[in-house]
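Hydrogens, waters and symmetry mates are skipped; everything else that's a heavy atom, side chains included, is used. Bear in mind the structure is a predicted one, so any value in this text is a computation, not a measurement. Proteins come first, then strands; the chains are lettered A, B, ... in the order of their sequence lines, and each starts at number 1.
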Amino acid sequence: MVDWVKTLSRVLYIDLTRKIFWVEDRSDLFEKWLGGIGVAVQLYKEEVPRGANPLGPENAAIFAVGPLTGVFPMASKVIAVFKSPLNGYIAESHAGGRAASAIRFAGYGAIVIKGTSDRPVYVVVDGDRVRFRDAGALWGMRSSETVGRVLREALPGAGYRTIMRIGRAGERLVRYANVTVETYRHFGRMGLGAVFGSKKLKALVVIGRKSFKLPDVVAYREVFKEVFNLTVGPATRKYHDLGTAANVLPLDKLGALPTRNFSSGRFEGAREISGEKLAEESLSRRVACSACPVACIHLAAIREEYEDERYFYKTEFVPYDYEPIYALGSNLGISDRYGLLKLIKAVEDEGLDAISTGVVLAWATEALEKGVVDVGKTIVPLRWGDWRNYIKAVSYIVLQPNDFYQALALGVEEAAKRFGGAEFALAYNHVEPAGYHTGPLYHISLAIGLRHSHLDAGAYSLDQRLIITGGSLPEPEEAVRMIQEEEAWRQVLNSLVICLFAREVYGRATAERALKSLGYNLSQTDLVELGRRIYFEKHLIKFSEDFKPEDIVLPKRLFETPTPLGQISPDYVRRAIAYYFKTLSDEVKESTGRKSS
Amino acid sequence: MPRRLVVVDANRCVGCQLCVYACTSRFGYAGLSKSAIFVRSAGGVERGFVVIVCRACRDPPCARSCPVEALSLRSGGGVILNPNRCIGCGNCVEACDIGAVMWDSELEKPVICTHCGYCVGFCPHGVIALEEVV
Ligand code: SF4
Ligand code: SF4
Ligand code: SF4
Ligand code: SF4
């Protein structure tokens, strides 16, 4: 096919056990599976054996970019695939910053990190050179921000590079530790940070200074211009103005903003922590991922006087987004903007996933309130709105001074298993949910989505459409089909790879045209089909990892707290999940049967 | 009237580097490294960005430093590179104090802004502009 595939097909393998690296041409994969998630899933199949310990050397951290990366606007994300230490299944997490363009222009379509180092290291990939460096001085540093600053100053390639690193949470194997990218972006979910920590990998720095000849500059420039105009248009405006925090007030108004551990969909303090208020009072700068005109990354500045000295101030910068505002704000009853930002900052410094941390703390608060545990366990009296104590609790999750915090570090489902209170432990197959209590379709999509993430299918927008149109709920089977179709299409977007905030920009026709300008010959039908195949391939893996219907136990709380579409019917959800399992396991059986016969 | 590229307000820059991609694509390439304009953080993105590009000197030190006269004066300021003449010594890189002579390490030749203005159309936040030189 095209030369473009050749430039993308180099895969860098890094073995931390033996401290060696090599490069392989994997045109076979990139021709068939495009890039991003499509290719990463195949690499996972090759690298991670069934039954692998997520925190053992046999797990791999796989990063992949795609044909549009660094070439078209908002093709700004890297896909990471690994076995999740949170739930033991194949997992996927996305991050922006400069990670995508750095990997692409270092000359790779994917990077596979395997093995385990005997001591802390960090790895620097500068184009064709790979260096293993001693991370002894960085290990145990209190703030992941400091780690970033040190590496920024010690290493070359400013403007061309990504600095991915973990905080103490990753070192100490908190199962929902994240990997921070460029200080303010994250591979947030599913515990990639713990995988890094288990490999004794403190940081991965990639410097990309190559450039690639475009197959057809004229065609490329034309489509580029077209896509660019769309990305600066109304489809992305709200992300630019207020960022994702724009969602706080509308969701609250609908009654879909999870509050105090999902006990309500309305928060009386919503206005104080809204995107509007944060922008007016605290916003200091907007920043973009590479090649993205939208710049949804919003940084707040907090100015603080030292307690021990008057007129002695410091200013800190805190990234905010809708998800941390929900998880660490409304869901913990915090309406003090300053307190919320301090808490986000603490979570950020430790390298924890904000969503999981918020849900875990909300459960702990309610468990204490209901007498399921006592303050001897929680050490600090956790109370809704009391952000100072939550900041302390965040460091206990990392330091794990007792059996309670050891359990919290394993996720909310595990904690509830050990201490009780499962009715109000919000998790889907061990994964704490993002912040939308919009209706049944969203919660079903969390249950059946491959990574139990709100971005698997974005089904909160299906709910919202019903709320707006006043339409009635589809039959559960139909609901599942709608969710699956969207999730399958997103496999294509995640193979290209584009930021999902550009999903309306990259419709089927635009995706086809962008690829064509690079010499690909894929029709819209081909793309849709490819999405279905990737969706199915992931299920093959997940089923082989013992994913069973019984694993999906939805917490009672969901059915108690009304959504804008009313109370969720357990029967409706049960039928949907049953239908999902039936169709997929039939298909999986058929395909594995075919293979073995 | 000749024109030149100017940085209107670097504080508005969000660091997307779309200008850099645009300039690189003038030569038919994708990437960041053949560009005459470059953007990087001013030591951590919270401090903002520096936008580095030729400011079209009237009396350009880069031209004077070139031993083979590969850089000739452009009307409106700045220089025009004659790549056939350039021997890739890198003197011009040293001579430009604002770091606006970039280096194409594949060709081993400098890249200097021609003030064509192509990048301006892709800056979403009004950081750079073309200005008439009077
Ligand atoms: S919209 Fe935001 S997250 Fe997406 S690429 Fe742009 S800056 Fe990054
Ligand atoms: S490259 Fe530097 S020295 Fe040469 S004209 Fe431009 S700003 Fe002046
Ligand atoms: S004006 Fe032209 S040469 Fe100069 S930076 Fe912009 S695109 Fe490049
Ligand atoms: S296009 Fe504009 S906002 Fe983006 S990096 Fe260049 S100067 Fe900054």
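With sequence neighbours excluded, no residue forms a salt bridge (charged side-chain N to carboxylate O under 4.0 Å, His left out) with R12(B).
Between chain A and the options A22(B), C16(B), G31(B), S41(B), the largest number of non-hydrogen pairs under 4.5 Å is found for C16(B). Heavy-atom pairs under 4.5 Å with chain A peak, among G28(B), G44(B), G43(B), at G28(B).
Residues of residues 218-227 of chain A that come within less than 4.5 angstrom of chain B, heavy atom to heavy atom, are Y220(A), R221(A), F224(A), K225(A) in numerical order. When the heavy atoms of residues 96-131 of chain B are compared with those of chain A, the residues falling under 4.5 Å are E106(B), Y118(B), G121(B), F122(B), P124(B), H125(B), listed by number. Against chain A, no residue from residues 80-88 of chain B qualifies, as none has a non-hydrogen atom under 4.5 angstrom away.
The 12-atom threshold is exceeded at CD of E304(A), counting heavy atoms of other residues, nucleotides or ligands nearer than 6.0 Å. For E281(A), the CD atom is densely surrounded, since the number of other residues' heavy atoms within 6.0 Å is greater than 12. No more than 12 heavy atoms of other residues, nucleotides or ligands shown are found within 6.0 angstrom of CZ on R303(A). For R55(B), the CZ atom counts as loosely surrounded, since its 6.0 Å shell holds 12 or fewer non-hydrogen atoms of other residues, nucleotides or ligands. The local environment of CZ in R40(B) is sparse, with at most 12 non-hydrogen atoms from other residues, nucleotides or ligands closer than 6.0 Å.
S211(A) has its side chain within reach of S33(B): a pair of non-hydrogen atoms, C-beta onward, lies under 4.5 Å apart. Residues S101(A) and Y21(B) meet the side-chain proximity criterion, which asks for heavy atoms closer than 4.5 Å.
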Given the rule in the side chain to side chain contact (heavy atoms under 4.5 Å, CB included) test, do F49(B) and V287(A) qualify, once you have shown the distances and angles that lead to the verdict? CA-CA 10 Å; F49(B) 296 91; V287(A) 181; 3.8 Å; yes

Give the C-alpha distance, both sets of side-chain angles, the deciding distance and a yes or no for side chain to side chain contact (heavy atoms under 4.5 Å, CB included) between N11(B) and R285(A). CA-CA 9 Å; N11(B) 268 318; R285(A) 198 174 278 286; 3.6 Å; yes

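In this structure, CE on M74(A) lies 10.5 Å from CG on L18(B), to the nearest 0.5 angstrom.
Heavy-atom minimum distance, S25(B) versus V217(A): O-CG1, 3.9 Å.
Only the side chain of R98(A) has a heavy atom closer than 4.5 Å to any heavy atom of chain B. V39(B) touches chain A through its backbone: at least one of N, CA, C or O sits under 4.5 Å from a heavy atom, while the side chain does not. Contacts of R26(B) with chain A are made by both backbone and side-chain atoms, with heavy-atom separations under 4.5 Å.
With hydrogens and angles ignored, the 3.5 Å screen pairs no side-chain donor or acceptor of E46(B) with any backbone N or O of Y184(A).
A distance below 6.0 Å separates the ring centres of Y160(A) and F38(B).
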